[in-house]
Amino acid sequence: MSIDRRQFLKAAGATGLLGLLGSPLFKVLAPGELEASPELKEGMAKSAKRWAMVVDMKAFPTEESYNKCIEACNKTHNIPQMESEKHEIKWIWAEKYENAFPDSYNGYLTESIEKMKFLVLCNNCDNPPCVRVCPTKATFKREDGLVVMDYHRCIGCRFCMAACPYGARSFNWRDPRPFIKNINPSYPTRTKGVVEKCNFCADRLYRGELPACVEASNGALIFGDLKDENSNVRKTLRSKFTITRKPDLGTFPGVYYVIGGS
Amino acid sequence: MIEKALSGSKYYWAWICFLLAVILVGVACYIRQYHYGLGLTGMSRDVSWGFYIAQFTFFVGVAASAVMVVLPYYLHDFKRFGRITILGEFLAIPSVIMCMLFIFVDMGQPTRILNVILHPTPNSVMFWDMIVLSGYLMLNIVVGWVSLSAHYKLVHPPKWIKPLVFLSIPWAFSIHTVTAFLYAGLPARHFWLSAIMAVRFLSSAFASGPALLVLLCLLIKKITKFDPGDRAIKGLVTIVTYALIVSIFFVGLELFTAFYSHIPGHMQSFKYLYFGLESHGKLIPLMWFSTLLAITAVFMLLIPATRTNQVTLVIACIFVHVSLWIDKGFGFVIGGFVPNPLEKITEYWPTLNELLVTAGIWSIGLLILTALYRIAIVVKVELEA
């Protein structure tokens with residue numbers, strides 16, 4: 001199928017006009033003011049080619065602002081608050097720069113970055129080691145880039161935990177249900193003996209909703225289709241310098257970080 | 001033949017009863033763990049494999065080491081191993097069974113273990129590990145049992161057994177190679193991400209397994225009428241000596257790569273194990289104890305006076321086995337998890353429940369070993385009488 005110049009110009013013009021009318025571009029350039037991404041609509045969930053997220057650290061002014069995202073995730077996914085740190089279940093949490101990016105730490109960071117906590121979560125990698133090692137396909141990658149878990153397939157061998165370079169996976173060392181304060185009936189609770197992790201809110205995307213953390217982030221988390229040139233994610237990646245965690249391992253994370261700069 | 005295992009002195013039965021008692025305790029502890037979850041172990045979000053998987057790794061080595069008697073005997077017609085080949089094969093059987101049990105008790109959802117077969121996943125090394133382990137178990141059961149019963153009936157072993165014997169040789173290498181690949185292909189763990197992992201595993205296995213076999217041979221010589229033969233034991237000792245030297249050399253290669261390259265990720269686990277990291281160092285005494293045992297054992301095995309003296313030989317073999325058990329059956333797995341991928345330190349130590357489950361599995365292994373050795377020895381002794 002080919003497209004002639006006239007058709008192309010028409011399409012390009014229309015897209016540009018739409019873009020100006022919706023003016024998401026301006027909003028992207030001024031993160032913090034950006035409301036929940038307008039690009040996600042009913043039915044779009046299945047059409048994305050590669051979901052990705054940008055974490056704009058500058059848009060998290062206080063500890064409270066990123067705690068909101070963590071709480072939103074915990075509530076949505078019935079994440080238990082375990083008594084022992086050893087048994088913790090974490091989908092999205094905060095780490096210092098030196099822990100989130102250990103291989104690009106130099107010991108002389110700016111004071112603000114030294115103090116800053118970075119939201120970390122499953123990177124939903126392009127080339128996920130967890131999927132490679134899983135002996136039952138309980139963890140698998142979907143065509144839209146989401147790396148998801150089948151809790152009923154998982155045998156609890158924890159090979160995926162040994163393989164994940166981001167420490168993003170948690171195991172239910174005991175029954176988690178007694179440790180969930182208020183159960184959200186729209187997402188299943190888990191049983192002991194299975195692994196779980198962030199899945200970019202696959203179920204919410206299916207319903208045409210944004211991931212819970214993105215919704216609670218007040219624009220600091222930008223979510224969209226990496227393969228769509230006009231998505232908020234792509235616009236941010238075009239306009240800001242971003243890094244990913246442990247890029248030398250070749251996992252190609254789907255989570256990008258805007259650290260600082262103007 | 002199997003009835004031979006059901007007769008014996010009161011010491012034999014006392015030993016069996018002791019093992020059964022330990023097994024019972026182990027089973028009770030496992031039931032506790034099954035109901036509560038793996039939270040009953042010392043493992044954590046950061047150290048997600050512990051004592052069970054480490055024991056599995058160690059005993060895969062013991063199982064694979066049977067090849068050290070099978071290979072010289074069948075491939076090079078090394079006659080003096082003729083009397084102990086069956087002992088090697090019969091050591092491999094309980095070792096593989098123990099490996100399988102250690103994997104089983106480490107499962108979060110043991111009732112779903114068939115998922116590995118129902119959803120075969122060739123991209124997972126664990127799938128291949130299951131294949132090679134169960135295959136190796138079958139090979140050793142068939143080869144050991146068929147040759148022993150042929151021997152018992154005073155006939156030549158059937159011809160079809162020969163290809164299986166030859167197949168069991170590369171198969172033995174495969175079980176430990178695949179087990180090494182469980183670790184060696186993980187981008188997250190610098191400590192394990194080493195191309196020499198498989199040969200390091202094999203060399204330590206070919207030291208620890210035959211060292212155990214020497215001890216078993218000497219014990220059999222003492223408490224039964226069967227004599228495995230001094231020359232067979234000498235042959236085994238030679239294997240232990242050089243495998244141990246190669247194993248220590250390989251550890252040296254790992255240390256060179258880590259510390260000369262000076263890449264932090266590659267050094268950290270070694271630092272944690274031998275010197276401690278940020279005031280964490282639970283494994284330091286164990287690791288140095290293991291090192292000391294290995295080096296002492298090398299000298300004891302190289303010096304003719306201590307090698308030929310039976311008492312010092314027994315001590316040296318115990319040193320080899322214990323040293324490599326600490327190294328592979330403890331430090332190796334834990335070292336890979338400390339520090340975690342975010343460079344934080346969570347330490348691990350097995351809990352009592354975990355240790356008792358482990359003791360139960362060791363006892364199951366010993367029970368099977370006792371029964372198999374009893375059968376083999378009674379058959380051999382009856383024929384010689």
Side-chain angles (χ1 to χ4, degrees), chain A residues 82-90 93 95-96 98-103 105 120 127 129-138 140 150-176 191-195 245-246 248-251, chain B residues 34-50 53 103 106-130 182-183 185-190 192-193 263-265 268 333 336-337 339-344 346-348:
Chain A
M82 305 306 285
E83 291 159 347
S84 158
E85 216 173 279
K86 287 186 160 185
H87 297 167
E88 257 182 334
I89 307 284
K90 296 192 279 193
W93 72 101
E95 292 284 357
K96 288 171 77 176
E98 58 176 290
N99 301 111
F101 303 94
D103 40 9
Y105 177 66
V120 292
N127 183 9
C130 55
V131 170
R132 189 156 63 236
V133 301
C134 178
T136 61
K137 304 184 191 92
F140 56 98
D150 180 343
Y151 307 125
H152 300 277
R153 177 73 73 85
C154 177
I155 58 172
C157 69
R158 311 186 299 293
F159 204 174
C160 55
M161 296 176 81
C164 176
Y166 308 101
R169 291 179 157 261
S170 304
F171 179 71
N172 287 281
W173 295 98
R174 53 186 299 190
D175 182 10
T191 54
K192 69 173 181 244
V194 298
V195 171
R245 295 171 70 196
K246 301 192 179 183
D248 53 336
L249 299 184
T251 57
Chain B
Y34 179 82
H35 286 293
Y36 185 94
L38 283 164
L40 220 50
T41 69
M43 290 184 271
S44 60
R45 196 181 185 280
D46 289 326
V47 185
S48 50
W49 280 343
I53 291 298
I103 292 180
D106 192 66
M107 291 287 137
Q109 287 287 336
T111 51
R112 294 183 192 161
I113 201 157
L114 282 177
N115 277 1
V116 180
I117 297 162
L118 294 173
H119 310 285
T121 314
N123 50 276
S124 175
V125 182
M126 210 171 269
F127 169 76
W128 295 105
D129 213 34
M130 178 203 69
L182 284 176
Y183 302 97
L186 304 180
R189 313 283 170 183
H190 292 295
W192 298 335
L193 192 63
I263 298 173
Q268 274 167 343
V333 172
F337 285 105
N340 78 358
L342 293 112
E343 298 202 347
K344 289 188 174 177
T346 307
E347 290 204 279
Y348 165 85

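Order of the sequence lines sets the chain letters (A, B, ...), proteins ahead of strands, with each chain counted from 1.
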J.: Which atoms of B:Leu342 are under 4.5 Å from chain A, going by heavy atoms: the side chain, the backbone, both sets, or neither?
T.: both
J.: In terms of heavy-atom pairs under 4.5 Å with chain A, which of B:Ser48, B:Pro120, B:Gly37 leads?
T.: B:Ser48
J.: Provide the closest heavy-atom pair for A:Pro165 versus B:Ala188 in the form atom of the first, atom of the second, distance.
T.: CA-CB, 3.3 Å
J.: Pick whichever of A:Ile155, A:Val120, A:Val195, A:Val133 has the most heavy-atom pairs under 4.5 Å with chain B.
T.: A:Ile155
J.: For B:Met43, is it the side chain, the backbone, both, or neither that has a heavy atom closer than 4.5 Å to a heavy atom of chain A?
T.: both
J.: Got a second to check how far A:Glu95's CD is from B:Glu343's CD, nearest 0.5 Å?
T.: 11.5 Å
J.: Between A:Ala138 and chain B, which part of the residue has a heavy atom less than 4.5 Å away: side chain, backbone, both or neither?
T.: neither
J.: Please look at A:Lys90 and chain B and tell me whether the side chain, the backbone, both or neither of the residue comes under 4.5 angstrom of a heavy atom of that chain.
T.: both
J.: Surrounding OH of B:Tyr34 (heavy atoms of other residues, nucleotides or ligands, distance under 6.0 Å), is the total greater than 12?
T.: no
J.: Does B:Arg45 use its side chain to pair, donor to acceptor, with the backbone of A:Trp173 at less than 3.5 Å?
T.: no
J.: Does any non-hydrogen side-chain atom of B:Pro187 lie less than 4.5 Å from one of A:Arg132?
T.: yes
J.: Just by modelled atom types, is the B:Asp106 backbone N or O under 3.5 Å from a matching donor or acceptor in the A:Arg158 side chain?
T.: yes
J.: Can you find a pair of side-chain heavy atoms, one from B:His119 and one from A:Asp150, that are under 4.5 Å apart?
T.: no
J.: Between A:Glu88 and chain B, which part of the residue has a heavy atom less than 4.5 Å away: side chain, backbone, both or neither?
T.: both
J.: Tell me which one of B:Leu118, B:Val116, B:Ile117, B:Ile113 satisfies side-chain contact (heavy atoms from CB on, under 4.5 Å) with A:Thr136.
T.: B:Val116
J.: Side chain, backbone, both or neither: which part of A:Val131 has a heavy atom under 4.5 Å from chain B?
T.: backbone
J.: If we define contacts as heavy-atom pairs under 4.5 Å, which of A:Pro102, A:Ala163, A:Ser170, A:Ala162 has the most with chain B?
T.: A:Ala162
J.: Are any side-chain N or O atoms of A:Lys192 and backbone N or O atoms of B:His35, one a donor and one an acceptor, separated by less than 3.5 Å?
T.: yes
J.: For the CG atom of B:Asn340 and the CG atom of A:Asn99, what is their distance to the nearest 0.5 Å?
T.: 8.0 Å
J.: Heavy-atom cut-off 4.5 Å, strictly under: side chain, backbone, both or neither for A:Arg169 against chain B?
T.: backbone
J.: Drop me the distance from A:Cys157's SG to B:Gln109's CD, to the nearest 0.5 angstrom.
T.: 12.0 Å
J.: If we define contacts as heavy-atom pairs under 4.5 Å, which of A:Gly156, A:Gly250, A:Pro135, A:Ala168 has the most with chain B?
T.: A:Pro135
J.: Is it the backbone or the side chain of A:Cys134 that comes under 4.5 Å from a heavy atom of chain B, or both, or neither?
T.: backbone
J.: Name the region of A:Tyr105, side chain, backbone, both or neither, that has any atom closer than 4.5 Å to a heavy atom of chain B.
T.: neither
J.: Taking the six-membered ring for Trp and the single ring otherwise, decide whether the centroids of A:Phe159 and B:Trp49 are under 6.0 Å apart.
T.: yes
J.: With a 4.5 angstrom heavy-atom cut-off, is it the side chain or the backbone of B:Phe337 that approaches chain A, or both, or neither?
T.: side chain
J.: Tell me, out of B:Val47, B:Thr41, B:Asn123, who's got the most heavy-atom pairs with chain A below 4.5 Å.
T.: B:Asn123
J.: Between A:Glu85 and B:Asp46, is any pair of side-chain heavy atoms under 4.5 Å apart?
T.: no
J.: Once rounded to the nearest 0.5 Å, what's the spacing between atom CG of B:Leu186 and atom SG of A:Cys130?
T.: 11.5 Å
J.: If we ignore hydrogens and angles and just use 3.5 Å, is the side chain of A:Arg153 paired with the main-chain N or O of B:Asn115 as donor and acceptor?
T.: no
J.: Pick one of side chain, backbone, both or neither for B:Trp192, based on which atoms fall under 4.5 Å of a heavy atom in chain A.
T.: side chain
